[in-house]
There are 2 protein chains.
Amino acid sequence: MEGHEKLEKARERIIETIAQNIHLYGLVPSAGRQYGMMFFQNEPLTLDDMTEKLGMSKTSMSTSVRALSDLKLVERAWKKGVRKDLYKVSDDWYQSFIDLFSIKWRRSVTLHLVAIKKSLAELEELSKDPTVNEELQEEIKIDIEKLKYIRNYYDWLERLVDVFEDQKIFDLVPIMNDSQD
Amino acid sequence: MEGHEKLEKARERIIETIAQNIHLYGLVPSAGRQYGMMFFQNEPLTLDDMTEKLGMSKTSMSTSVRALSDLKLVERAWKKGVRKDLYKVSDDWYQSFIDLFSIKWRRSVTLHLVAIKKSLAELEELSKDPTVNEELQEEIKIDIEKLKYIRNYYDWLERLVDVFEDQKIFDLVPIMNDSQD
DNA sequence: TAGTTTGTACAGTTTTTACTGTATAAACTA
DNA sequence: TAGTTTATACAGTAAAAACTGTACAAACTA
C-alpha cells in the first residue's frame with residue numbers, strides 16, 4: 001500500500017468512528033462524516049468543496065453544516081479574496097463538549113422546570129380544594145412529592161450545566177496533555 | 001374542570017415534556033411517553049398494562065421497555081402472585097443520568113480511543129518510512145498532532161465519565177433538596 | 001443596472017425507522 | 001403431558017427523516 005493510501009485509511013478510520021458516534025450530539029452519521037472530513041482539512045472549506053469531497057448535494061451540505069454550526073462544532077471562517085462562505089471545525093473540542101451541554105441540555109432543563117413548576121402550582125392549588133375526595137387528595141399528595149423530587153433533580157442538572165459552562169469542571173477533571181507519550 | 005381531570009392534565013404536561021426531551025437519551029418520544037406514564041403509576045406495570053394505557057401494540061411496548069431497561073431508566077419489579085413481567089421506573093434519577101454516561105458515553109470514548117490509537121500507530125510507523133516524499137511527510141506530521149490532541153480529549157472524557165461513575169461529581173455539584181420550597 | 005454567483009426554501013423522492021400483527025418459543029398450570 | 005399464558009422474533013406496513021433537484025432571493029460584480 002502506498003503512503004498516501006495509508007494516510008487516507010488512517011483518516012477514514014477516525015472519520016467513520018466520529019460518524020458512528022455523533023448521534024450523542026443528536027446528529028446523523030452523514031453530518032459526522034462531514035465533520036470528520038473537515039477535521040482533517042487544514043483549510044476552511046466551502047459548501048462546494050464539501051459537495052465534491054463527500055459526493056452529496058449542496059443542499060445537504062448546507063443543512064448539515066448549519067446543524068453542526070448550531071452546536072458550535074463548526075464555525076465560519078474567512079479567507080482573503082474568497083467570496084463563498086467558509087467553514088472549519090471548532091478546534092477546541094473541550095469547549096465543543098461544553099457547548100453541547102449549554103445548548104441541548106440547558107434547553108431541556110429549562111423546559112422541564114417550566115412544566116414542573118406549572119404542574120406543581122396546579123396540584124398545590126388543587127390540594128386545597130375541599131370538594132375533592134380523600135382518595136384523589138392522596139394521589140395529589142403523592143404526585144406533589146414526585147414533582148418536588150424531579151424539580152430537585154433538574155435543579156441539580158442546571159447546576160451541573162453551570163459547572164460546565166463556567167469551566168469549573170476542569171478543577172475536578174483537569175485537562176492533561178500527552179499522558180501516554 | 002373536575003379534580004381528576006386537573007390531576008391528569010398536570011401529569012400530561014410532565015409526560016409530554018419528557019417525551020419531547022428523551023432524545024437526549026437517544027430514545028424516541030413514544031418511549032419517553034411510556035416512561036412518563038410509568039413514572040406516575042404507583043405500582044409496577046405489565047406489558048399488557050402499558051398496551052392498554054398507551055394504546056400501542058404489545059410488541060412496541062416490549063421493544064421500548066427493553067430500550068428503557070438498557071439505559072437503566074426502567075427496571076424489573078416483582079409482585080407476589082403476578083406471573084407477567086413487571087416494570088417500574090428507576091427511582092434514582094441522578095443515578096439514571098450517571099448511567100447514561102456510563103453506558104452511552106463510555107462506549108463512545110472507548111471506540112474512539114481504539115480507533116485513534118490504531119491510526120496513530122500507523123501514522124507513526126509511516127512517518128519513519130524513508131520512501132514517502134517530504135510533502136506527504138509534512139501532512140502525516142500534522143495528522144499525528146491532530147490525533148494526539150483528540151486522544152487527550154477522549155482521555156479527558158474518560159476521566160469525566162469516571163467522575164460521574166464513582167459519584168465524585170456530587171462533591172462539585174451536590175444534591176440539594178427542596179431548595180425553593 | 002444587468003448579469004453572475006451563492007446559499008437556502010421548498011417539493012418530491014428515497015431511505016430509514018417506528019410500529020403492528022402473526023407466529024412461535026419458553027414458562028407456567030392443572 | 002396437554003393446554004395456557006406470556007414475551008419476543010420476524011415480516012410487512014405506515015410514518016418519519018434524510019437527501020436531492022429546482023427555483024429563487026440576496027449578495028456580489030462589471
Side-chain angles (χ1 to χ4, degrees), chain A residues 15-16 18-38 43-71 73-89 104, chain B residues 15-16 18-38 43-71 73-89 104:
Chain A
I15 293 172
E16 207 48 37
I18 293 171
Q20 297 309 317
N21 285 281
I22 201 84
H23 67 269
L24 291 170
Y25 279 72
L27 300 175
V28 296
S30 73
R33 217 162 283 120
Q34 190 175 5
Y35 178 84
M37 176 276 286
M38 289 170 80
E43 293 288 322
L45 298 182
T46 67
L47 293 177
D48 290 314
D49 293 335
M50 298 175 204
T51 292
E52 200 207 309
K53 294 254 181 205
L54 299 172
M56 287 177 73
S57 73
K58 197 174 177 181
T59 302
S60 276
M61 295 302 95
S62 174
T63 54
S64 49
V65 93
R66 174 191 292 263
L68 288 164
S69 300
D70 287 348
L71 285 174
L73 288 169
V74 152
E75 56 194 38
R76 294 287 296 273
W78 284 269
K79 217 163 85 181
K80 197 168 63 180
V82 177
R83 220 169 85 203
K84 302 182 185 184
D85 293 354
L86 287 166
Y87 299 93
K88 65 189 270 300
V89 316
K104 294 220 148 190
Chain B
I15 292 172
E16 207 47 37
I18 293 172
Q20 298 309 318
N21 286 280
I22 200 83
H23 66 270
L24 291 170
Y25 280 73
L27 300 174
V28 294
S30 72
R33 218 163 280 119
Q34 189 175 8
Y35 178 86
M37 176 275 288
M38 290 170 79
E43 293 289 322
L45 299 181
T46 66
L47 292 178
D48 290 314
D49 294 335
M50 299 174 204
T51 291
E52 201 206 311
K53 294 254 180 204
L54 299 172
M56 287 178 72
S57 72
K58 197 175 178 179
T59 302
S60 275
M61 295 302 96
S62 174
T63 54
S64 48
V65 93
R66 174 192 293 265
L68 289 164
S69 301
D70 287 348
L71 285 175
L73 288 169
V74 152
E75 56 194 37
R76 294 289 296 272
W78 283 268
K79 218 163 82 177
K80 196 167 64 179
V82 177
R83 221 171 84 205
K84 302 181 186 182
D85 293 354
L86 287 166
Y87 301 92
K88 65 189 269 301
V89 317
K104 294 219 149 189

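Labels below follow one simple rule: chain letters A, B, ... track the order of the sequence lines, proteins then strands, and each chain is numbered from 1. Not measured: the values here are computed from a predicted model.
- A pairwise comparison of heavy atoms in A/M50 and A/V65 identifies CE-CG2, 3.9 Å as the closest pair.
- Counted by atom type alone, B/D49 and B/T46 present one or more donor-acceptor pairs between their side chains at under 3.5 Å.
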Could you walk me through whether A/E43 and A/K79 pass side-chain contact (heavy atoms from CB on, under 4.5 Å), step by step?
CA-CA 9 Å; A/E43 293 288 322; A/K79 217 163 85 181; 3.2 Å; yes
Pairs under 3.5 angstrom, nitrogen or oxygen only, protein versus nucleotides 19-21 of chain D, please.
| from | atom 1 | to | atom 2 | distance (Å) |
| --- | --- | --- | --- | --- |
| D/dC19 | OP1 | A/S30 | OG | 3.0 |
| D/dC19 | OP2 | A/S30 | OG | 2.9 |
| D/dT20 | OP2 | A/S57 | N | 2.9 |
| D/dT20 | OP2 | A/S57 | OG | 3.0 |
| D/dT20 | OP2 | A/S60 | OG | 2.9 |
| D/dG21 | O6 | A/T59 | OG1 | 2.9 |

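- Looking at the side chain of A/D48, the nearest of the listed nucleotides D/dA7, D/dA9, C/dG7 is C/dG7.
- No more than 12 heavy atoms of other residues, nucleotides or ligands shown are found within 6.0 angstrom of CD on A/E52.
- Remark: A/I18 CD1 to A/N21 CG distance equals 9.0 Å, nearest 0.5 Å.
- Annotation: proximity of residues 73-82 of chain A to DNA chain D (heavy atom, distance under 4.0 Å) is found for no residue.
- In this structure, the nucleotide among C/dG7, D/dA7, D/dT8 sitting nearest to the side chain of B/S62 is D/dT8.
- The heavy-atom pair separating B/T51 from B/K58 by the smallest distance is OG1-CA, 3.4 Å.
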The test is side-chain contact (heavy atoms from CB on, under 4.5 Å); show your working for B/K88 and B/R76 and say whether it passes.
CA-CA 6 Å; B/K88 65 189 269 301; B/R76 294 289 296 272; over 6 Å; no
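- Under a cut-off of 6.0 angstrom, the local environment of NZ in B/K53 is sparse, with at most 12 non-hydrogen atoms contributed by other residues, nucleotides or ligands.
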What verdict does the side-chain contact (heavy atoms from CB on, under 4.5 Å) test give for A/M38 and A/R33, after you've listed the backbone C-alpha separation in whole Å, the side-chain angles of each residue and the deciding distance to 0.1 Å?
CA-CA 8 Å; A/M38 289 170 80; A/R33 217 162 283 120; over 6 Å; no
What's touching nucleotides 24-28 of chain D from the protein side, N or O pairs under 3.5 Å?
| from | atom 1 | to | atom 2 | distance (Å) |
| --- | --- | --- | --- | --- |
| D/dC28 | O3' | A/R83 | NE | 3.3 |

How far apart are the C-alpha atoms of B/L47 and B/Y87, what are their side-chain angles, what is the distance that settles it, and do they pass the side-chain contact (heavy atoms from CB on, under 4.5 Å) test?
CA-CA 8 Å; B/L47 292 178; B/Y87 301 92; 4.1 Å; yes
